Amino acid sequence: MFALADVNSFYASCEKVFRPDLRNKPVVVLSNNDGCVIARSKEAKLLGIKMGIPWFQLKAMMFSVPVMAFSSNYELYASMSNRVMAHLEELAPQVEQYSIDEMFLDIRGINRCIDFEEFGRQLRRHVSVGTGLTIGVGMGPTKTLAKSAQWASKEWPQFKGVLALTPANNRRTEKLLSLQPVEEIWGVGRRIAKKLNAMGIITALDLARTHPAFIRKNFSVVLERTVRELNGESCISLEEAPPAKQQIVCSRSFGERITTYEAMRQAVCQYAERASEKLREERQYCRHISVFIKTSPFALNETYYGNLASEKLITPTQDTRDIIAAAVDALNKIWVDDHRYAKAGIMLNDFTPTGVSQLNLFDERQPRLRSDELMRVLDDINHSGLGKVWFAGRGISPEWQMKRQMLSPAYTTRWKDIPVATL
DNA sequence: TCTGGGGTCCTAGGACCC
DNA sequence: TCTGGGGTCCTAGGACCC
């Protein structure tokens, strides 16, 4: 048996925890650059505010009560996420962090001591008391069914956020699946839902009753797994240790459009620096570096331009200097003047756990001397909290930097931002 | 004026090998 | 007239997740 615990309106709830004055008020959280809505409190949902609506449109709308908006504060959310996970780990033997606000728990055998749903309510209380956040809990014999249960626990308030589907109560599972549209199933997105609907497969129960071989032939092994999971056959297991990353991406939209090569080179250098740091945190070396740049796909009166170029290194590296050099080479292949660029990014691929590789017999390039030591010194300074050092290529406080004009304090991670209680 | 970021997995097709 | 079979590796693109 699996349980899925997820935090209700996670980002919006984090903003509310330290702002009791916002209790029962509509709150939304915006994407980077304060672009669009990515999280809504219960009250904001009731006002009919849709996910993904651009902030400039929402700002112009009139509501019966004022809507409070926040720029996204990932420092705060990551720290609150750790608190939630720590509380769940106190009550469950094996856990897998699935996303910033979701956790799968292995709850096999727990019903020998306590009823599944009673255990769910216990998890809920424990997290609520310890963090101020409310979780919903769905349980089932497979991850997919736990997800469906969790969906239903939100859909019907009478479950009060806790619902268990057990093999013993098959009628309940069928009832639920007959009420769940296919596009609400974990692993079924818009495209596949449309194709399924065209075949007359409308509900989760319809899908569960379709032959796995038919699904494999017309879709893929991924959806076949979903069908099996809906029937209680567990195909996706709990993964306690996250597998090593295969790719690192660092990309961002600009606060203001970029029109000059020099500004773009700075942006690409900055992303390359950040991506290199992540690579060293993963203790990996990479051999493949790609850079992409693009104009806004929404600008109707401009011609769209987007392109990607890659560099392949002979020797794997985790040295920021190598990665910046490769990134700039890649940028030079695709840069075109006279566009208003909206976004750029870098991707690192083809990882190996060490920097050693078979050198080409005729390779004239010498490996960098003491690269690992230099990078360690760099990372130590930047993690020390005492100061920051960086490569000159990225420039100083450029105007295209991300905009976050409604940022909340780092309540849990910065001494000067800690809330003070007064009597 | 203004529309997010970071991942995974699978598949098809081409290059190349014996 | 008529041009193999079986395999691997790589890449690009499409689907999904949060």
Side-chain angles (χ1 to χ4, degrees), chain A residues 4 6-7 9-11 28-39 50-61 69-74 77-78 81 96-104 143-144 147 150-151 182-196 215-226 235-236 239 242-257 271 274-275 278-279 282 287-288 290 292 294-302 304 306-310 312 340 342-351 402-405:
Chain A
L4 174 72
D6 100 312
V7 183
S9 312
F10 181 53
Y11 295 170
V28 299
V29 176
L30 306 175
S31 63
N32 284 343
N33 283 313
D34 298 336
C36 56
V37 171
I38 55 168
K50 295 272 181 286
M51 193 76 165
I53 179 179
W55 169 232
F56 74 91
Q57 283 176 13
L58 182 63
K59 209 163 38 175
M61 288 160 69
F70 290 94
S71 305
S72 34
N73 183 346
Y74 286 102
Y77 312 148
S81 172
E96 169 194 340
Q97 176 159 11
Y98 172 63
S99 76
I100 193 162
D101 75 327
E102 285 172 287
M103 202 154 199
F104 281 110
K143 280 185 167 180
T144 303
K147 271 272 196 182
Q150 193 267 339
W151 168 82
V182 282
E183 60 264 32
E184 299 292 343
I185 302 169
W186 187 43
V188 178
R190 263 215 324 277
R191 302 301 262 280
I192 289 179
K194 213 172 147 195
K195 196 169 160 192
L196 286 170
I215 292 296
R216 183 181 200 134
K217 189 154 163 279
N218 289 280
F219 296 87
S220 69
V221 295
V222 183
L223 195 63
E224 181 192 357
R225 255 194 312 255
T226 301
C235 306
I236 309 169
E239 290 183 22
K245 282 201 200 329
Q246 301 184 32
Q247 179 181 58
I248 287 171
V249 179
C250 191
S251 76
R252 224 156 296 270
S253 302
F254 307 125
E256 275 172 28
R257 298 281 186 264
Y271 301 163
R274 179 67 196 121
K278 290 194 209 169
L279 185 65
E282 284 283 311
R287 217 163 7 194
H288 195 254
S290 318
F292 68 84
K294 53 166 92 174
T295 62
S296 169
F298 302 103
L300 298 171
N301 42 9
E302 294 173 33
Y304 176 79
N307 211 342
L308 173 131
S310 302
K312 198 144 189 147
R340 299 174 63 242
K343 183 174 180 177
I346 179 168
M347 292 184 284
L348 308 182
N349 279 298
D350 196 359
F351 295 168
M402 175 164 87
K403 293 212 175 351
R404 297 151 101 193
Q405 288 172 338

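Computed from a predicted model, the values in this text were never measured in an experiment. Reckoned from all heavy atoms, side chains included, excluding hydrogens, waters and symmetry mates.
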Is [X] close enough to [N] that one of its side-chain N or O atoms is under 4.0 Å from OP1 or OP2 there?
{"X": "A:R340", "N": "B:dT1", "value": "no"}
{"X": "A:Q246", "N": "B:dC9", "value": "yes"}
{"X": "A:S251", "N": "B:dG6", "value": "yes"}
{"X": "A:R252", "N": "B:dG6", "value": "yes"}

Distance in angstrom units between A:L300 CG and B:dC2 C1', rounded: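 So the two atoms are 13 Å apart, to the nearest Å.
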Could you state the atom-to-atom distance from CD of A:Q57 to P of B:dC2 in whole Å? 12 Å
Of the listed nucleotides ([options]), which one gets closest to any side-chain atom of [X]?
{"X": "A:K147", "options": "B:dG4, C:dC17, B:dG6", "result": "C:dC17"}
{"X": "A:V249", "options": "B:dG4, B:dC2, B:dG7", "result": "B:dG7"}
{"X": "A:S31", "options": "B:dG5, B:dT8, B:dG4", "result": "B:dG4"}
{"X": "A:F56", "options": "B:dC10, B:dC2, C:dC16", "result": "B:dC2"}
{"X": "A:P54", "options": "C:dA15, C:dC17, B:dT3", "result": "B:dT3"}
{"X": "A:S253", "options": "B:dT8, B:dG4, B:dC10", "result": "B:dG4"}
{"X": "A:N32", "options": "C:dC18, B:dG7, B:dG4", "result": "B:dG4"}

Can you tell me the base-pairing partner of B:dG14? Count Watson-Crick or G-U wobble geometry only, both distances below 3.5 Å, and say none if there is no partner. C:dC9
Under 4.0 angstrom, heavy atoms only, what part of the nucleic acid is [X] near: base, sugar-phosphate, or nothing?
{"X": "A:W55", "value": "nothing"}
{"X": "A:R257", "value": "sugar-phosphate"}
{"X": "A:K245", "value": "sugar-phosphate"}
{"X": "A:L223", "value": "nothing"}
{"X": "A:I100", "value": "nothing"}
{"X": "A:R404", "value": "nothing"}
{"X": "A:K194", "value": "nothing"}
{"X": "A:D101", "value": "sugar-phosphate"}
{"X": "A:K403", "value": "nothing"}
{"X": "A:L30", "value": "nothing"}

Ion pair present between A:R340 and A:E302, side-chain N to carboxylate O less than 4.0 angstrom? yes
A:T226 side-chain N/O to A:G187 backbone N/O, donor-acceptor pair under 3.5 Å: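 No; judged by distance alone, with no hydrogens or angles, the pair does not exist.
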Do A:K278 side-chain atoms and A:V249 backbone N/O form a donor-acceptor pair below 3.5 Å?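 Yes; at least one donor-acceptor contact below 3.5 Å.
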Report yes or no: is the cationic atom of A:K143 (NZ for Lys, CZ for Arg) closer than 6.0 Å to the six-membered ring centre of A:F104, at no more than 45° off its axis?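 Yes - A:K143 lies over the ring of A:F104, closer than 6.0 Å to its centre and within 45° of its axis.
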For the pair A:F219 and A:L196, evaluate side-chain contact (heavy atoms from CB on, under 4.5 Å) and give the outcome as yes or no after the intermediate values. CA-CA 10 Å; A:F219 296 87; A:L196 286 170; 3.6 Å; yes
Between C:dG4 and B:dC16, how far apart are the two C1' atoms, rounded to whole Å?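 Straight-line distance between the two C1' atoms is 16 Å.
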Which residue lies toward the 5' end of DNA chain B, A:Y11 or A:V222, if each is placed at its nearest nucleotide?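 Here A:Y11 is the residue nearer the 5' end.
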Between A:Y74 and A:Y11 (judged by ring centroids, cut-off 6.0 Å), do the two rings come close enough to count as a pair? yes
